[in-house]
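These notes are about the structure you will find just below.
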Amino acid sequence: MNIQDLLETKVKEAVLQVFEASLPTVEFQPTRKEFEGDVTVVIFSMLRVVKGNPVQIGEKIGAYLVDQVAEVTSFNVIKGFLNLVISDSFYLTSFAAIKNDDSFGSVKTNAEDAVMVEYSSPNTNKPLHLGHIRNNLLGYSVAEILKAAGKKVYKTQIINDRGIHICKSMLAWQKFGKGETPESTGLKGDKLVGNYYVTFDKVYKKEIADLVEIGTDKALAEKEAPILQEAQQMLLKWEAGDEEVVALWKKMNQWVYKGFEVTYKNLGVDFDTLYYESDTYLLGKDVVAAGLEKGIFFRKDDGSVWIDLTDDGLDEKIVLRSDGTAVYMTQDIGTAIQRVKDYPDVGGMVYTVGNEQDYHFKVLFLILKKLGFSWADNLFHLSYGMVDLPSGKMKSREGTVVDADDLMADMATTAGNIAEELGKLEGYSADEKQALYQIIGLGALKYYILKVDPKKRILFNPEESVDFQGNTGPFIQYTYARIQSILRKASELNLDQHVSVSELHPKEKELLKQLQLYPETIQLAAANFSPALIANYTYDLVREFNSFYQNVSILGEEDQAKIAFRVQLAQKVGDVIASAFKLLGIEVPERM
RNA sequence: GGUGGCAUAGCUCAGCUGGAUAGAGCACCUGCCUUCUAAGCAGGCGGUCCUAGGUUCGAAUCCUAGUGCCAUCACCA
């Protein structure tokens, strides 16, 4: 039972009894640390209904509550704030209700209410980089949070496995690859293919320079460079189903998929269903044809089909080329509809895509709404800011990227170096240590990225490594490990689980208050599609626990009942840390 | 130029539906390891909440205008 729900009716009752006025709502906030109390009622906001001096109003309501509500033990009024002290027994009772609830914080899944979360959606011509990491972590975490909030979730991606950029890698490999394979080079497949994407760009740039040298206009040179023309020819052949090109395409894509598989596994993300652009890029044309008949779209003189969104404050947008082929928008319309066909319980979708595509998704959602799909009201573009380097934007074709695999490996190495220095892992085998360094290094990386509001741009400086102290993943993992250490020791003590305490230490009370916020934090994070809220909540919980831990002895306490209670409290905090971190896709270690 | 996002301590970020003296971490300075793991705790230093107006008993938060950075406005994806 939430104390605020209880108090709300009582405060309204008080106002009705004492002032004969009825309040529409009551405004609560946690009492600030510097004042005495647990919950604060804001009196100012009542002044529209109740006339008078805020302090006097507060006094009267406070007196009424102390008199009428068992949970309120005392109060004080400062300016327009009524601070209420809530009884220890209230917190103890609510703790008893949650301490054995293994799914504390989560809501039971409502199978009727399914949502599809799309994330990752890479191109198959280059390895994943730091930008993808942010995308993957956000998408995965939001999917987990939605599940915890009671949604049924399908994780998916659309793999951009076709197009001119893919042909660039293919062509460069064909021309300069000398038959290299992942096996022959020992390279991960995605890395190998990515190298040829870079090769293509180098050759292309050289050809442009050569053309400009002999007096060609630069813009023209960019179009007429022979290798680009060749790539375009290759794309035409691919679309025509040319056997040789398709075989090469399949071979190289398989290399990439194998590479991605490794990266995803290391990153700890997964998918329930996959969509390939090569399957979906022709979808949507029928929908456009139907929409054309209904007058939602219109045809221009050259035969291209458009939608006019100027009444909605947007522009005209093309949905079909004059030659009748599909554009990106056509495909996305088709894919969305296809997904609902494949999974009829889907009532909404989340697209995890960078904020450079804000406009595209605004248009897409509007079109789907105009086409009359009921689920079009529940589409959300999980838009996130770019991850930039101090040197500027990451560009795969120029090789200025922070590679996902390298970064994860570096983080684990750093974690290992720190752990070696601290030297607390005696008894661990080399393998166990390695696994632990992975957990810590990844924890640092994931937390670092997820704690930031998705909308904000991240400036990532590879020179200054990600922190392991303060508001970081390892800090939280460390607290978890410490709790596990206590629990291991406590299990040898043979504690009586049924004794009870009646009074709380202030630190215990603070901790219980923070624990109770977990369920609403999950709901808030789900409503806002924001893992950052989970991260920040967990950080606050952990700080509260550490303060408790350093100021109050758990196992050194004399009173057996207190030991038992504190152990239970520590265990619950540990459970919530693990649960919250699971929502972020971060593992917690037993020791560190 | 139109549209969207962002702007808070030296740096990285919190700040929920407007509420008390704007909070953390890093960095810098003090203390605390023979007692449950010091990747920790306790404390100090540090602010024109981009600017100017407005609404309100009350504005970092809402509104208007402006400034700066980023993105976008393709028969590319």
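Each chain gets a letter, A, B and so on, in the order the sequences are listed, and its residues count up from 1.
Distances shorter than 4.0 Å separate none of the side-chain N or O atoms of A/K362 from OP1 or OP2 on B/U72.
Ranking B/U37, B/G15, B/G19 by closeness to the A/R482 side chain, first place goes to B/U37. Relative to the side chain of A/R321, the nucleotides B/A39, B/C76, B/G5 differ in distance, and B/C76 lies closest. Counting only heavy atoms from C-beta on, A/S45 has its side chain closest to B/G19 among B/A42, B/U72, B/G19. Of the candidate nucleotides B/C26, B/A77, B/U37, B/A77 has the atom lying nearest to any side-chain atom of A/N160. With B/A7, B/C36, B/G19 as the candidates, the nucleotide lying closest to the side chain of A/K456 is B/A7. With B/G19, B/G15, B/C6 as the candidates, the nucleotide lying closest to the side chain of A/K455 is B/C6.
Straight-line distance from the CD atom of A/E27 to the C1' atom of B/A20: 12 Å, rounded to whole Å. Rounded to an integer number of Å, the gap from A/K317 NZ to B/C76 C1' is 10 Å. In this structure, A/I486 atom CD1 and B/U35 atom P are separated by 15 Å, rounded to whole Å. The CZ atom of A/F468 sits 14 Å away from the P atom of B/A27 (whole-angstrom rounding).
If you check every strand for non-hydrogen atoms under 4.0 Å, A/M386 touches nothing. Nucleic acid contact for A/A490: none, since no nucleic acid atom lies under 4.0 Å from a heavy atom of the residue. At a threshold of 4.0 angstrom between heavy atoms, the contacts of A/Q357 include nucleobase atoms, whether or not backbone atoms are also involved. Within the 4.0 angstrom heavy-atom criterion, only backbone atoms of the sugar-phosphate kind lie near A/S547; the bases stay farther away. Within 4.0 Å (heavy atoms only), A/T479 reaches no atom of the nucleic acid at all. Within the nucleic acid shown, A/L459 has no heavy atom closer than 4.0 Å to any nucleic acid atom. Within the nucleic acid shown, A/T40 comes within 4.0 Å of at least one base atom, counting heavy atoms only. Residue contacts shown for A/N528 are absent, as no nucleic acid heavy atom lies under 4.0 Å away. A/E34 comes within 4.0 angstrom of no nucleic acid atom, judged by non-hydrogen atoms across all strands. Among the atoms of the strands shown, base atoms are found under 4.0 Å from some heavy atom of A/F81. Within the 4.0 angstrom heavy-atom criterion, base atoms lie near A/R591. Using a 4.0 Å heavy-atom distance criterion, A/K79 is classed as a sugar-phosphate-only contact. Within 4.0 Å of A/R48, counting heavy atoms only, lies at least one base atom of the nucleic acid. Base engagement by A/V552 is indicated by at least one non-hydrogen atom pair under 4.0 Å involving a base atom.
A salt bridge does not link A/K507 to A/E510: none of the charged side-chain nitrogens sits closer than 4.0 Å to a carboxylate oxygen. Under a 4.0 Å N-O distance rule, the pair A/K33/A/E544 qualifies as a salt bridge.
A cation-pi arrangement, defined by a distance under 6.0 Å to the six-membered ring centre and an angle within 45 degrees of its axis, is present between A/R162 and A/Y281.
Scanning atom types as modelled, no donor and acceptor separated by under 3.5 angstrom connect the side chain of A/N546 and the base of B/A42.
By the 5.5 Å and 30° criteria, A/Y549 is not stacked with the base of B/G40.
Evaluation of the side chain to side chain donor-acceptor pair (under 3.5 Å) rule for A/Y359 yields A/D315 as partners, not counting sequence neighbours.
Ring-centre distance between A/F548 and A/F545: below the 6.0 Å cut-off.
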Legend entry - Dot-bracket line, read 5' to 3' along RNA chain B, where crossing pairs take [ ] and | marks a partner on another strand, Watson-Crick or G-U under 3.5 Å: (((((((..((((.....[...)))).(((((.......))))).....(((((..]....))))))))))))....

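The aromatic rings of A/Y328 and A/H360 lie parallel to each other, with less than 30° between the two planes, well short of the 60° mark.
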